[in-house]
2 protein chains.
Amino acid sequence: MSFVAFVNGIVLMFLAGLMGVDAVLFPETRPVFTTAFVLTGIVGAMLAVAASAASPALNRLHTFVLTTSIWLVAALAGALPLYLWSLPPVDALFEAMSGITTTGSTVMTGLDSTPRGILLWRALLQAVGGVGFIVTGIALLPILKVGGMQLFRTESSDKGEKELGNATQFAFATLVVYIGLMGLCGLIYAEGGMSIFDATTHAMTTLSTGGYSNYDASFGHFDSAFLQWTGTVFMLLGALPFAWYIRAINRNIFRSEQVLGLLKGLAVAILGLSLWLTLNSETEFLDALRLVAFNVVSVVTTTGFASADYTEWGPFAVTSFFLLTAVGGCTGSTAGGAKTMRWIILYRSLRSQIRSVHSPSGIFSTKYEGQTVGDDVASGVIAFFTLYFATFAVLAMALGLVGLDFLSAVSGALTALANVGPGVGDTIGPAGNFATIGDDAKLIFVAGMYLGRLEMMTVFILFTRTFWREV
Amino acid sequence: MSFVAFVNGIVLMFLAGLMGVDAVLFPETRPVFTTAFVLTGIVGAMLAVAASAASPALNRLHTFVLTTSIWLVAALAGALPLYLWSLPPVDALFEAMSGITTTGSTVMTGLDSTPRGILLWRALLQAVGGVGFIVTGIALLPILKVGGMQLFRTESSDKGEKELGNATQFAFATLVVYIGLMGLCGLIYAEGGMSIFDATTHAMTTLSTGGYSNYDASFGHFDSAFLQWTGTVFMLLGALPFAWYIRAINRNIFRSEQVLGLLKGLAVAILGLSLWLTLNSETEFLDALRLVAFNVVSVVTTTGFASADYTEWGPFAVTSFFLLTAVGGCTGSTAGGAKTMRWIILYRSLRSQIRSVHSPSGIFSTKYEGQTVGDDVASGVIAFFTLYFATFAVLAMALGLVGLDFLSAVSGALTALANVGPGVGDTIGPAGNFATIGDDAKLIFVAGMYLGRLEMMTVFILFTRTFWREV
């Protein structure tokens with residue numbers, strides 16, 4: 001277990017390093033980030049040094065503790081500069097958890113006049129959270145065997161190793177793709193008219209599917225079709241599996257059921273809603289397509305930028321965007337939600353079931369990417385959906401209990417759990433803000449974002465009777 | 001297949017008989033019911049006679065056609081007198097489908113001054129629909145093996161036969177219990193101050209968990225704690241498995257995980273909401289308990305009576321009642337929704353899954369009523385939930401598309417699919433009415449109620465590519 005402490009120490013030192021960079025860059029908030037740098041650095045170094053003799057051998061149960069503790073520690077450290085700057089403790093924790101989990105819900109208003117040091121910190125949290133989740137999805141969740149993620153044991157570790165020599169090289173390749181795409185996105189943003197600072201931070205929050213913007217009007221601040229289309233494309237790129245990029249680059253294999261499934265689903269949703277919007281408003285089809293594509297991609301990839309208040313398009317849009325909130329991107333990407341892989345397996349399990357109701361004597365197996373899906377994977381996927389909806393119901397009830405209206409409670413519970421960002425409704429919708437809700441509700445959202453990012457089971461297992469006896 | 005036509009003919013003749021009774025009892029609507037009696041009787045007799053030579057041997061695929069066609073034909077016949085009386089065709093179909101599926105959503109206003117012949121017809125539809133669903137749940141769904149209902153093959157047919165000699169006797173015993181409870185309920189209602197007519201019709205709509213009332217204020221019309229507690233008890237009795245009554249009477253075996261699970265769940269929901277209501281309003285605890293117990297039992301048993309507009313209790317109540325709408329009663333009862341059995345199996349599958357994530361080498365089986373649940377049953381249950389939420393999402397989207405607001409769309413989709421009755425929100429909430437919504441939305445509700453009553457799979461299987469080739 002002391003290796004867990006060691007890794008947490010390293011994570012803290014890394015975050016301290018980023019605070020140092022922020023302190024160097026922006027004089028206005030230098031005292032804040034210097035203090036945070038010193039505090040976080042000292043705690044991190046102490047932890048790392050004290051536990052440096054630890055053996056890096058982790059059993060599965062230790063890996064649960066490692067995964068859950070890293071995300072919590074990172075959120076707390078992320079909150080420190082925000083708290084030192086001016087945010088109340090709960091707000092700072094909310095903002096940092098929303099950042100590190102790449103949710104993108106914000107309690108901060110007046111972003112347009114917020115110091116750049118703070119804005120950069122929010123973007124950095126999302127950039128780090130994004131790559132952190134890719135690593136969690138590729139390396140940790142498959143070992144933990146939660147939510148059917150064991151399906152990716154071969155793809156990520158075994159096959160990945162064969163492809164690239166070893167796991168370190170694979171992780172490095174992922175990082176190169178991530179930072180490469182981020183750089184490209186930033187360049188195009190700058191080319192399209194964003195300032196260098198905006199281009200940098202928005203590239204970070206686009207590729208990480210985080211969705212923090214430097215403006216209260218979110219992406220709607222940039223009144224540019226070019227920028228909106230660029231954002232649409234790069235949000236989508238952030239929600240595709242990073243292992244797939246590497247495979248595609250290395251071996252020219254582009255076929256991927258997850259990628260195809262996500263693209264198909266998006267095409268249907270975007271075309272359908274665009275046609276509906278064209279028929280039910282004064283909007284031209286191409287404008288409708290741009291508006292719808294940006295906002296649908298933003299919600300489905302769990303980014304959470306808004307280029308327009310789509311909840312004003314009418315009740316159909318509200319219901320659609322509410323349901324789209326649950327969808328999510330691909331596994332092994334920065335996106336949250338239920339993930340394309342799970343929808344595909346759920347759909348195919350259902351199809352097998354319909355066939356077996358039709359012909360009870362037949363045997364119908366479920367396939368994914370050409371291979372038969374084992375019972376353990378199918379059960380993991382089913383368990384994910386069960387926990388997803390159960391946790392959603394409990395969060396919605398809890399939010400109702402502390403006084404949120406129905407629309408905010410149900411859409412808030414879902415947007416937190418899927419790490420999307422905005423809900424629907426006046427308060428927390430795309431044009432709203434989480435600032436006005438109470439501290440009790442904010443803490444429920446913090447729990448929801450954390451549970452969603454760790455795919456619930458990883459956290460819930462810590463609360464089973466036998467876990468701590470065996471660790 | 002001609003046996004299917006024969007049974008449909010018999011069903012029509014039976015409904016014609018009930019129309020005849022209604023015609024005899026109430027002079028005001030006699031012309032309406034006489035016409036309906038003649039038309040339905042002729043069509044029914046023609047069908048039955050033409051197909052009377054049919055062999056009663058049905059294969060499984062024929063049983064699907066039988067089950068789906070009976071419910072559709074019964075709804076159409078049920079709509080006939082309402083249409084002949086004064087309702088527009090879509091309204092008549094809505095009201096009859098809502099009646100026969102024991103949903104209880106109504107498009108009729110001014111119930112207080114509606115002719116008794118019509119009110120009796122609404123109650124009769126629910127009484128018939130209730131017993132029809134018990135038979136469907138005990139005899140047909142287990143054969144169709146949908147939604148895990150094959151679990152009840154032994155309990156209902158094999159064991160039932162041993163217990164009572166043969167299936168006919170079992171069906172007869174069920175009918176005796178159903179009518180016996182209905183009679184008892186009616187007597188106590190009359191004792192508590194209802195008129196004989198009100199007591200009769202409300203007993204029918206209570207035990208069938210239908211929820212049609214003779215008053216616009218629903219059960220709230222009777223301002224009597226005694227009547228409300230009586231209603232609470234008998235709604236609950238209508239949602240318990242009828243096979244369990246018979247087993248309990250015959251062999252003194254009261255243990256049933258479904259019954260226990262439902263009672264436990266209700267106790268938690270009722271106590272929690274009562275405490276909350278006491279703390280957050282001027283209501284005394286015992287009054288709160290009565291109000292909450294009645295309305296929670298009404299929604300969970302999918303009856304749909306309202307004794308108060310609980311959506312005015314605040315946002316927590318709205319969210320709670322929305323979520324309670326999905327729950328449902330026991331299998332083999334008149335209740336709709338997901339059913340206690342399926343929640344138990346879902347919960348236990350999840351628990352097995354958590355254990356296997358914890359110790360991947362262990363084997364954890366799911367048990368129900370002391371027996372290991374087969375993979376086919378577990379898959380059926382999972383398929384049920386998948387279809388339940390998928391159908392819910394599609395219905396909600398469709399309702400949004402035809403212009404319903406978010407609250408009406410999502411709660412309406414759920415209340416129709418679970419055959420509950422009221423939704424939440426101003427339009428279709430407990431104090432509202434489905435009269436004001438458009439015909440397109442009404443038809444979507446009709447589809448939802450029908451799909452919900454037949455547990456979706458039974459209908460969807462008719463739309464698979466191979467079905468009609470093989471029938």
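The chains referred to below are lettered A, B, ... by the order of the sequence lines, with proteins before strands, and numbering in each begins at 1.
- If you measure heavy-atom distances from B:Met397 to chain A, the contacts under 4.5 Å come from both the backbone and the side chain.
- Under a 3.5 Å cut-off, the side chain of B:Arg60 and the backbone N or O of A:Ser359 do not form any donor-acceptor pair.
- Of the atoms belonging to A:Leu144, it is backbone heavy atoms, and not side-chain ones, that fall under 4.5 Å from chain B.
- Between chain B and the options A:Asp376, A:Val402, A:Val318, heavy-atom pairs under 4.5 Å are most frequent for A:Val318.
- Of the listed residues A:Ser356, A:Ala390, A:Ala393, A:Ala409, the one with more heavy-atom pairs under 4.5 angstrom with chain B than any other is A:Ala393.
- Of all the heavy atoms in B:Pro315 and A:Gly403, the pair that sits closest is CG-O, 3.6 Å.
- Taking A:Asp405, A:Val410, A:Leu401 one by one and counting their heavy-atom pairs under 4.5 Å with chain B, the maximum is reached by A:Leu401.
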Less than 3.5 Å apart, which donor and acceptor atoms pair up between the side chains of residues 382-389 of chain B and the rest of the protein, not counting sequence neighbours?
unit_1	atom_1	unit_2	atom_2	d
B:Thr386	OG1	B:Ile382	O	2.8
B:Tyr388	OH	B:Ala326	O	3.0

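- At a threshold of 4.5 Å between non-hydrogen side-chain atoms, the residues B:Phe406 and A:Thr311 do not count as touching.
- Both the backbone and the side chain of A:Ile354 come within less than 4.5 Å of a heavy atom of chain B.
- Both the backbone and the side chain of A:Ser379 come within contact range of chain B, with heavy atoms under 4.5 Å apart.
- Remark: B:Leu350 CG to A:Met457 CE distance equals 5.5 Å, nearest 0.5 Å.
- Dense packing is recorded around CZ of A:Phe364, with more than 12 heavy atoms of other residues, nucleotides or ligands lying under 6.0 Å away.
- Proximity to chain A (any heavy atom under 4.5 Å) is shown, for B:Thr466, by both the backbone and the side chain.
- A:Phe467 touches chain B through backbone and side chain together, each having a heavy atom under 4.5 Å away.
- For the atom pair B:Phe316 CZ and A:Leu399 CG, the distance stands at 11.0 Å (nearest 0.5 Å).
- A 6.0 Å sphere centred on CG of B:Asp440 holds more than 12 heavy atoms belonging to other residues, nucleotides or ligands.
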